[in-house]
Amino acid sequence: MAEKFLMPKLSPTMEEGQISRWVKSEGDAFEANETLAEVDTDKATMEMTALTGGTLLKILKGEGETAALGEAIAITGSKGEDISELLKEVSTNGGAKSDKAAAPVEAPADQQPEPTIEKPAPKAETRGVTSVPAPAQATPSNGRMIVSPIAARMAADNGIDLRSVSGSGPNGRIIKRDIEAAMAEGVKPAARAFTPSTLVGASPFRDENTSKMRQIIASRLVESIGPVPTFYLTVEIEMDNTLTVRKQINANLDEDSKISVNDIIVKAAAMSLLKHEWVNASYQNKTVRFYEQADIGVAVAIDEGLITPVVRGANLKGLGELSAEIKDLAAKAKAKKLQPEEYTGATFSISNLGMMGIKEFTAIINPPEAAIIAVGAANPTPVVRDGQIVIRSIMNVTMSCDHRAIDGATGAKFLQTFKQMLEQPAMMLV
């Protein structure tokens, strides 16, 4: 029976999707678990695969066109089936949006197959459609690569570095035959993907009822300031000891394994959060949710804007592992390969513009988190110590706080601990 193929919700924040390309053409037959189209969402490019077999009878949204959640993008059914009534319905109401398409249904973890070329692993299910993340890249004309999902999987399976492959598809897209040619020519294998040795899930939490005073404070602040009543705290931190420790560590590491100042900042923030539970929390209307581990969101700038991959259990990981994981997440973010679980659910965030020469700035809180710190550059600055003017590397850090969960003194105490850990890195071991 012919039916409309609706635009599903492929990421938590998706409101519409743009057809990147149709893998199947009108009249093509397809089987269950076979990819029909690739869709660009707000966060990544995703594959849409059919749960059951059939024929792609009519494409309603072409490549480059956008459809809202639940809007019809195609008609599928049996070959030769009459679809005139469905076409009339689509032309009358613009695609017959359905709420059913907006809420994906997660398959049980033990029923999700390992993703392979023949059988992609389903992630979200909507009216006969499942979504699978596609490791799509960008176009060569603007410094990015486009690569088809099948080509990307073949490259990953055979250790092919996509940067060394020329695409023969439309707009320079790397397709299957390009990977086959690269395999025949013996292209240099890609770098081995990072696999964290400490596998940590989302942080456990507990909800506690707030006092009546806390509820009144929260409601009044919302009324007077806005949806998230925010205040800001700034602290100056001497980074000389941290820079020395980093230099000592990196002296014993190869170039690819060297740690950054930001890696140490993430570690210091994670350790400080465990000492100040009201900062590692979120306001939940009549409760405050306290998280038992530090899941740190690390802001990464990409061409389309800003995304915040999450380092799970940052307090449980050493600097080497943190550094490798942050590099891996940043690379995935820039390639639009992040999965929803990799950029949602942080308990606290860090935005660092120091490497761009920014001395000081304020960052916007990512709800429902209660705080975010904005990190500036560590600049040589004359300061007075013991009555003498000396030069120290001073870094400005500004914390944006949700006043419904964090009071001024609470935020200040957190920054004191954070400052102490960076000025005396050995305190991270205590």
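Excluded from the calculations below are hydrogen atoms, water molecules and symmetry mates; all remaining heavy atoms, backbone and side chain alike, are included. Computed from a predicted model, the values in this text were never measured in an experiment.
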Scan Trp278, Phe414, Tyr291, Phe418 and name whichever one has a ring-ring contact (aromatic ring centres under 6.0 Å, His included) with Phe348. Phe414
Going by the side-chain hydrogen bond (donor to acceptor under 3.5 Å, both in side chains) test, which pairs reach into residues 349-378, not counting sequence neighbours? Asn262-Asn352, Ser349-Asn366, Ser349-Glu369, Glu360-Asn396
According to the side-chain hydrogen bond (donor to acceptor under 3.5 Å, both in side chains) rule, which pairs have a member within residues 243-254, sequence neighbours left out?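 Listed once each, the pairs are Asp254-Ser257.
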Could you grab the distance from atom [atom1] of [X] to atom [atom2] of [Y], nearest 0.5 Å is fine?
X      : Y      : atom1 : atom2 : value
Glu208 : Arg289 : CD    : CZ    : 12.0 Å
Ile391 : Asn379 : CD1   : CG    : 11.5 Å
Ile75  : Leu60  : CD1   : CG    : 5.0 Å
Glu238 : Met395 : CD    : CE    : 11.5 Å
Glu180 : Asn158 : CD    : CG    : 10.0 Å
Ile249 : Ile264 : CD1   : CD1   : 5.5 Å

Any residue meeting ring pair (Phe, Tyr, Trp, His ring centres under 6.0 Å) with [X], in chain and number order, not counting sequence neighbours:
X      : answer
Trp22  : none
Phe231 : His403
Phe30  : none

Looking at every non-hydrogen atom in both residues, tell me the closest pair between [X] and [Y] and how far apart they are.
X      : Y      : value
Met428 : Met421 : CE-O, 3.7 Å
Val298 : Thr308 : N-CG2, 3.4 Å
Ser323 : Lys258 : OG-O, 3.5 Å
Ile365 : Ala370 : CD1-O, 3.9 Å
Pro8   : Met48  : CD-SD, 3.4 Å
Pro309 : Leu329 : CB-CB, 3.7 Å

For Glu38 and Arg21, run salt bridge (charged side-chain N to carboxylate O under 4.0 Å, His left out): C-alpha distance rounded to whole Å, both residues' side-chain angles, the deciding distance at 0.1 Å, then the answer. CA-CA 5 Å; Glu38 297 172 17; Arg21 77 178 184 105; 2.9 Å; yes
Testing Lys61, Lys9, Lys4 for salt bridge (charged side-chain N to carboxylate O under 4.0 Å, His left out) with Glu71, which one passes?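 Of the listed options, the one satisfying the test is Lys61.
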So, the side chain of [X] versus the backbone of [Y]: is there a donor-acceptor pair under 3.5 Å, distance only?
X      : Y      : result
Gln18  : Asp40  : no
Thr398 : Ala374 : no
Ser272 : Ala268 : yes
Asn280 : Leu274 : no
Glu321 : Gly318 : no
Glu292 : Arg206 : no
Ser203 : Asp295 : no
Lys327 : Asp256 : yes
Lys334 : Ala301 : no

Within the 4.5 Å heavy-atom criterion, are Thr76 and Glu3 side-chain neighbours or not? yes
Hey, are the side chains of Glu236 and Val383 touching, using non-hydrogen atoms and a 4.5 Å cut-off? no
Give the C-alpha distance, both sets of side-chain angles, the deciding distance and a yes or no for side chain to side chain contact (heavy atoms under 4.5 Å, CB included) between Leu162 and Ile179. CA-CA 9 Å; Leu162 288 172; Ile179 302 300; 3.8 Å; yes
If the condition is side-chain contact (heavy atoms from CB on, under 4.5 Å), which residues does Ala294 pass it with, not counting sequence neighbours? Ala270, Leu273, Ile296, Asn315
Does Val228 form a side chain to side chain contact (heavy atoms under 4.5 Å, CB included) with Arg404? I'd like the steps, not just the answer. CA-CA 8 Å; Val228 178; Arg404 294 172 299 176; 4.0 Å; yes
From Val235, Thr234, Ile373, residue fulfilling side chain to side chain contact (heavy atoms under 4.5 Å, CB included) relative to Met399: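 Considering Val235, Thr234, Ile373, a side chain to side chain contact (heavy atoms under 4.5 Å, CB included) with Met399 is found only for Ile373.
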Considering residues, nucleotides and ligands other than [X], do more than 12 of their heavy atoms fall under 6.0 Å from its [atom1]?
X      : atom1 : result
Ile364 : CD1   : no
Lys419 : NZ    : yes
Leu429 : CG    : yes

Between Glu47 and Val23, does a side chain to side chain contact (heavy atoms under 4.5 Å, CB included) hold up when you go through it step by step? CA-CA 9 Å; Glu47 291 180 2; Val23 177; over 6 Å; no
Under-4.0 Å salt bridge between Glu341 and Arg312: no
Is there a side chain to side chain contact (heavy atoms under 4.5 Å, CB included) between His276 and Thr410 once you walk through the steps? CA-CA 8 Å; His276 301 275; Thr410 303; 5.6 Å; no
